[in-house]
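Here is the naming used below: chain letters follow the sequence lines, and residue numbers restart at 1 for every chain. Note that the coordinates shown come from a computational prediction; the quantities given were computed from them, not determined experimentally.
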Amino acid sequence: AQKITQTQPGMFVQEKEAVTLDCTYDTSDQSYGLFWYKQPSSGEMIFLIYQGSYDEQNATEGRYSLNFQKARKSANLVISASQLGDSAMYFCAMRSGTYKYIFGTGTRLKVLA
Amino acid sequence: GAVVSQHPSWVICKSGTSVKIECRSLDFQATTMFWYRQFPKQSLMLMATSNEGSKATYEQGVEKDKFLINHASLTLSTLTVTSAHPEDSSFYICSARSGEGGRPSRNEQFFGPGTRLTVL
């Protein structure tokens with residue numbers, strides 16, 4: 001069965017520090033994609049970063065990087081130099097096989113001034 | 001990235017009435033659209049997948065007669081919550097998929113801003 005697990009319901013980080021949000025996944029497919037989204041209080045889903053299962057390099061998008069460890073089936077999001085505006089809900093998602101996305105339960109990040 | 005809109009952004013209705021939510025892909029043709037429901041402090045749960053011109057595929061446990069989905073064109077899908085009750089109050093999000101490629105990719109699915117439904 002396909003599954004996404006986010007074990008951190010909430011995280012705190014000091015402004016300008018880096019933070020890692022955990023995500024593990026389970027799938028039997030060889031081809032899959034992993035996504036991270038940010039959801040602020042407004043509710044919109046903001047795409048942050050994508051990692052394909054065949055990508056050899058870890059994905060990076062500005063201050064966001066994805067620590068992809070395929071053998072461990074983990075795809076942790078690293079946010080560097082945290083900003084107050086990073087406070088939001090963060091969801092890890094996976095697409096494999098069908099076109100449907102499976103979402104984790106999310107991690108609420110609070111950046112402290 | 002591509003833009004997906006939803007209308008209305010929020011709606012309040014009385015119990016027993018029906019509410020229609022529109023999802024539009026503004027600058028691309030969406031072969032498939034997805035409808036999600038999100039309760040407060042919870043994750044997104046996929047309700048159904050709709051393909052243009054065909055019947056929607058509903059996830060297990062979602063009542064197809066209550067949540068009517070119409071994907072009439074490649075740029076518009078509608079979700080109608082029929083005879084809404086307070087327990088249907090939720091945040092409804094659509095997403096639209098472009099392209100026909102099979103392998104996952106970065107730019108394949110785009111989310112609308114969501115519609116907050118409150119049923120009194």
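Of the two parts of Gln38(B), only the side chain, counted from C-beta on, holds a non-hydrogen atom closer than 4.5 Å to a non-hydrogen atom of chain A. For a residue to count as touching a neighbouring chain, one of its non-hydrogen atoms must lie under 4.5 Å from one of that chain's; by this rule Ser53(A) does not touch chain B. The contact between Leu44(B) and chain A is made by backbone and side chain atoms together, counting heavy-atom distances below 4.5 Å. Contacts between Phe91(A) and chain B at a heavy-atom distance below 4.5 Å involve the side chain alone, from C-beta outward. Proximity to chain B (any heavy atom under 4.5 Å) is shown, for Tyr101(A), by both the backbone and the side chain. Neither the backbone nor the side chain of Gln51(A) has a heavy atom closer than 4.5 Å to any heavy atom of chain B.
Residues Asn67(A) and Ser74(A) have side chains not in contact (no heavy-atom distance under 4.5 Å, counting atoms from C-beta outward).
With chain A as the partner, the residue from Gln6(B), Arg116(B), Lys41(B), Gln109(B) showing the most heavy-atom pairs under 4.5 Å is Gln109(B). Among the candidates Met89(A), Glu61(A), Glu44(A), the residue making the largest number of heavy-atom pairs closer than 4.5 Å to chain B is Glu61(A).
Transitive grouping of hydrophobic side chains (ILVMFWY, heavy atoms separated by less than 4.5 Å) keeps Phe67(B) and Ile93(B) in distinct clusters.
Using a cut-off of 4.0 Å between Lys/Arg side-chain N and Asp/Glu carboxylate O, Glu59(B) and Lys100(A) are scored as salt-bridged. A salt bridge links Arg24(B) to Glu22(B): at least one charged side-chain nitrogen sits closer than 4.0 Å to a carboxylate oxygen.
Formation of a donor-acceptor pair under 3.5 Å by the Gln2(A) side chain with backbone atoms of Asp26(A) is not found in this model.
With Tyr54(A) as the aromatic partner, Lys70(A) meets the cation-pi criteria of under 6.0 angstrom to the ring centre and within 45 degrees of the ring axis.
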